[in-house]
Amino acid sequence: MTPLHYYLIFAALLFSVGLAGALMRRNAILVLIGIELMLNAANLNFIAFWRYSPTANELVGLMFVLFSIGIAAAEAAVGLAIIISIYRHHRSTQLQHVDRLKG
Amino acid sequence: MRMLSDIPIAFLMIAAVTLVSAVCAMSLRNLVHCGLCLVLTFVGLAATYLHLSAEFVGFAQVLVYVGAVAILIVFTILLTRNAEVTLSPVSQSSLVGLGIAIAVCGSLVLPLVTSPSLRRLPAQSLAPDAQVQRIGEKLMAQYVIPLEALALVLTAAMIGAVVIAMRDDPERNDPSPSPQNQKDTGSVSNSPAGTALNSSSSTSSSQRP
Amino acid sequence: METLDQIFVLAKHWLVARVPEPLAWLATILLSIGPLITVFASCFAITTIVERKALGRIQNRFGPNRVGPFGLLQPLADGLKMLIKEDLVPAQADKVVHLLAPFALVVPAWLTFSVLPFGRNMTVIDLDAGLLFFFAVGASSELAVFMAGWSSRNKYALMGAMRGIAQMISYEVPLVLSTVAVVMSVGSLSLPSIVEAQSAYVFGMPTWHVFTPWGLSGFILFLIAGAAEANRAPFDLPEAESEIIAGYLTEYSGFKYALFFMGEYLGLFAITGMGITLFLGGWTAPVSFLATTPSWFWFFAKFGAIIALFIWVRGTVPRLRMDQLMKFAWKFLVPLTLVNLVVAAFWHFSGTWQFPGAIFARWLLGAGFIGGAYVTLGRALHTNQFPPRVYAYAE
Amino acid sequence: MLGTGLIQGLMETAKNFVGSYHDEARLVTVQYPEEKIPAKENSRNFPFLVYDGEDPQAGLRCVACQICEKECPPKCIYIVKSKDKKPDYTGKAQLYPATFDIDVSVCMSCQICVEVCPFDAIKMDQVFELSTSDRFATLLLKKTTLAKPNAYFHQIHPTDAAEIDGRLAEEKRKAEEKAKAAAAAKAAAAAAATTGTDPKAPPVGGAAKSPTN
């Protein structure tokens with residue numbers, strides 16, 4: 001059985017890739033993709049801890065991940081809708097262009 | 001030396017594929033390729049969940065993310081005319097971001113590797129029975145309030161997304177063209193498909209300098 | 001009779017016993033994948049020829065009868081032609097994504113078969129959440145359609161891909177909702193247990209879900225939504241020849257086009273297989289005294305019947321326009337599946353009625369409720385049509 | 001109610017499907033290479049030369065007047081006159097074409113050559129299976145392949161053939177009559193010359209009513 005910290009390191013790496021993407025890239029959609037990656041990394045942690053927890057039959061971690069996936073889908077939908085309306089208003093999704101306009 | 005069968009080959013392969021596609025999703029120049037690499041990341045994560053014998057979550061992950069969120073992201077890329085825009089190289093201010101990310105990664109991984117407590121935790125050998133039946137019972141019994149709240153959140157998000165992204169038809173509600181439309185030089189045609197059509201046909205990069 | 005029913009399972013165990021121990025797990029996997037692929041690839045070949053001949057007969061002509069006796073070797077000829085044809089890739093196309101698209105469609109299509117129960121304990125993987133796996137894998141076909149449409153850098157392809165995705169997404173909702181009724185009444189997502197729930201016989205008649213009011217309407221809704229999901233018959237707008245050349249398949253030729261073609265047919269087979277498992281009692285025999293006959297025979301008999309129905313509908317119903325397609329999905333199918341869910345709940349909870357005419361009362365109430373919803377939704381679908389045309393100069 | 005139209009449609013196609021198996025009249029397809037629809041009388045493809053009698057070259061009606069060559073819009077007819085003459089159906093010595101080529105790949109079967117031909121020598125054929133493997137050689141039909149007997153002409157265009165044959169026979173009869181009259185006049189003149197040997201004696205009214213010109 002793979003020991004628990006393999007999954008935790010994997011989740012940490014995934015989280016930092018998402019964070020790096022969100023911080024480094026200019027495009028709003030890529031920032032949102034970065035956020036999705038961070039969310040998924042967190043989900044992975046939950047499932048890893050659920051799998052190795054003595055009270056796994058309580059399904060607590062699993063439930064948390066189900067709700068987190070639901071919320072993430074809602075968040076992605078609203079985030080992308082905002083990006084589209086920003087684009088329609090400012091004609092570009094580059095984040096530095098957005099904050100310069102007073103709109 | 002660790003025995004060959006002791007190293008978790010399957011897990012390492014899945015993790016490698018997922019991490020590589022995650023890095024690609026963040027760094028590729030063509031945005032649609034980023035979206036497709038993101039899909040590969042989601043599939044890799046679903047494989048990890050299956051590896052952790054959480055079947056239901058793995059399939060839910062594929063259904064929700066690969067089936068819906070990925071299509072949403074790809075549609076947004078097309079609707080905001082980013083399909084064939086080559087993205088700018090890494091600028092100076094973003095190196096600070098990279099620094100922060102590496103710091104965070106270090107702060108996460110270091111305690112993991114050094115802390116003695118994790119190695120002592122006995123690995124849960126038998127897989128907990130995450131039967132769909134039990135998940136259903138728990139959802140309906142213990143977690144029924146969060147479930148209803150989630151339903152409300154999803155409905156609100158759906159309606160919110162539609163309201164935000166809906167195009168207010170200038171002709172229909174107020175005949176006098178609103179200032180925002182006069183300023184538009186190339187007025188974007190109405191239907192989203194039309195916009196996507198323009199995006200694939202317009203070769204010009206984004207109109208900003 | 002028992003051996004005939006389990007003939008394939010016994011053959012597999014016998015063969016696996018032959019294989020040396022370390023490779024046994026590989027043998028079991030291959031021995032369940034191999035027959036599955038050969039059976040459904042030949043089903044694909046047979047369906048293409050049967051479809052063209054049946055469509056011919058519907059239109060008072062013969063259908064292909066040149067290649068081989070009565071045209072039976074036509075699929076061989078088509079396959080060979082597809083292999084030999086030059087595989088053009090447009091210069092502007094995004095080569096990698098253009099190449100990956102057909103595989104992104106065919107691989108999930110094959111995966112969906114791994115969960116379907118073809119006969120008594122003849123399921124490749126008996127998953128606890130089999131139905132969820134089926135829809136999770138089925139949902140990735142939209143992505144393949146997008147990859148195909150976008151990567152060929154062709155306006156018609158992009159339009160076709162947009163239409164295809166819009167259609168698939170909006171018809172996935174009624175498809176999943178109509179299966180929720182079955183899951184609610186059976187109480188499990190695992191397909192063999194769903195078939196088990198339908199295998200009882202009440203004085204000769206099988207207790208298939210299709211013999212309940214919500215089951216019958218659920219089955220019809222499932223087939224309609226499934227036809228749209230597999231881009232079949234009246235819903236084949238995305239690659240309609242007369243509309244936008246071949247939609248997202250415009251820039252594909254040769255082997256990749258054959259892969260797409262096979263992917264679509266496999267999608268159709270998967271939907272048919274799932275429809276049989278959920279509503280027509282999977283591999284159970286239609287009458288009690290036939291129960292001893294081989295179970296897989298009944299699966300493929302029903303399979304042929306439903307494929308014939310799809311071909312028949314394809315020969316009859318004209319293609320739907322895009323707005324009709326969308327309106328039909330959201331304004332008719334989705335509300336009707338929700339009503340179907342309510343009736344399924346009513347059927348489930350009214351199971352305990354003991355008075356003599358209970359079964360007819362339940363049937364009457366259920367069917368009446370669905371019929372009423374069907375008529376009102378149907379009428380609502382046509383109210384805001386165009387106002388009646390007035391001919392000013394007609395006498 | 002929604003769906004009744006669909007049911008009627010399905011019943012219709014089912015009737016077609018079942019009907020196509022038990023009464024063959026429903027199936028309209030003609031299995032082309034094996035069965036062929038008889039060509040309509042007025043259908044036409046490429047021209048052909050008509051000849052009377054047995055010998056294709058001698059009986060050719062064509063007198064190489066080259067009107068059709070000049071009239072042909074795409075200029076696909078090529079005629080070379082012969083040096084000597086041969087008697088035509090009325091016995092009058094006429095020229096005949098040494099070579100008469102039609103480039104079938106150029107001909108658009110517009111039937112102008114048939115309309116302008118004063119001798120009904122060229123008619124439209126109904127043969128359409130002329131595909132060949134090479135592009136040039138066999139698509140240039142020579143005089144030998146073009147010449148077809150009048151009987152064939154009767155077979156494909158019966159009404160035209162009959163009407164033309166009637167006309168030709170009638171002309172032939174008139175020509176023979178004229179020849180007979182000329183022969184009789186010549187015989188009378190020869191008789192008069194032998195009896196009176198006086199050159200001035202005018203021919204006695206007894207000569208046959210020879211035409212003036």
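Convention: sequence-line order gives letters A, B, ...; per-chain numbering from 1. Please read these numbers as outputs of a predicted model, since none were measured by experiment.
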Enquirer: Would you mind reporting whether B:Leu63 and C:Val176 have side-chain heavy atoms less than 4.5 Å apart?
Expert: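 No. Closest side-chain heavy atoms not under 4.5 Å.
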Enquirer: When rounded to the nearest 0.5 angstrom, what is the spacing between CD1 in B:Ile71 and CD1 in C:Ile165?
Expert: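 Between atom CD1 of B:Ile71 and atom CD1 of C:Ile165 there are 5.0 Å.
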Enquirer: With a 4.5 angstrom heavy-atom cut-off, is it the side chain or the backbone of B:Gln131 that approaches chain C, or both, or neither?
Expert: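 Backbone plus side chain of B:Gln131, per the 4.5 Å heavy-atom cut-off to chain C.
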Enquirer: Below 4.5 Å from any heavy atom of chain C, which atoms of B:Val64 appear? Answer side chain, backbone, both or neither.
Expert: neither
Enquirer: Heavy-atom count around B:Leu152 CG within 6.0 Å, excluding the residue itself: above 12?
Expert: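 Yes, the 6.0 Å shell around CG holds more than 12 heavy atoms from other groups.
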Enquirer: Answer with side chain, backbone, both or neither: which region of C:Met147 has an atom nearer than 4.5 Å to a non-hydrogen atom of chain B?
Expert: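 Only the side chain of C:Met147 comes within 4.5 Å of chain B.
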Enquirer: Assess the residue pair B:Asn30 and C:Asp94 against the criterion (side-chain contact (heavy atoms from CB on, under 4.5 Å)); give the C-alpha distance rounded to whole Å, side-chain angles, the decisive distance to 0.1 Å, and a yes or no.
Expert: CA-CA 11 Å; B:Asn30 181 335; C:Asp94 185 325; 4.2 Å; yes
Enquirer: Identify, with sequence neighbours excluded, every residue that meets ring-ring contact (aromatic ring centres under 6.0 Å, His included) alongside B:Phe75.
Expert: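 Residues passing ring-ring contact (aromatic ring centres under 6.0 Å, His included) with B:Phe75: none at all.
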Enquirer: Using non-hydrogen atoms only, which part of C:Leu143 is less than 4.5 Å away from chain B: side chain, backbone, both, or neither?
Expert: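 The answer is both parts of C:Leu143.
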Enquirer: According to side chain to side chain donor-acceptor pair (under 3.5 Å), does anything in residues 170-186 of chain C pair up with another residue at least two apart or in another chain? List the pairs.
Expert: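 Every pair satisfying side chain to side chain donor-acceptor pair (under 3.5 Å) with a residue in residues 170-186 of chain C: there are none.
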Enquirer: Taking heavy atoms only and a threshold strictly under 4.5 Å, list by residue number the residues of residues 96-109 of chain C that touch chain B; give 'none' if the list is empty.
Expert: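 Counting heavy atoms that sit under 4.5 Å from chain B, the residues of residues 96-109 of chain C involved are C:Val97.
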Enquirer: Around B:Gln142, counting heavy atoms of other residues, nucleotides and ligands shown, do more than 12 lie under 6.0 Å from its CD?
Expert: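 Count over threshold, so yes.
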Enquirer: Rounded to the nearest 0.5 Å, how far does CH2 of C:Trp150 lie from CG of B:Leu36?
Expert: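 Those atoms lie 7.5 Å apart.
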Enquirer: Where along residues 126-139 of chain C does a heavy atom come under 4.5 Å of chain B, listed by residue number?
Expert: C:Leu127, C:Asp128, C:Ala129, C:Leu132, C:Phe133, C:Phe135, C:Ala136, C:Ala139
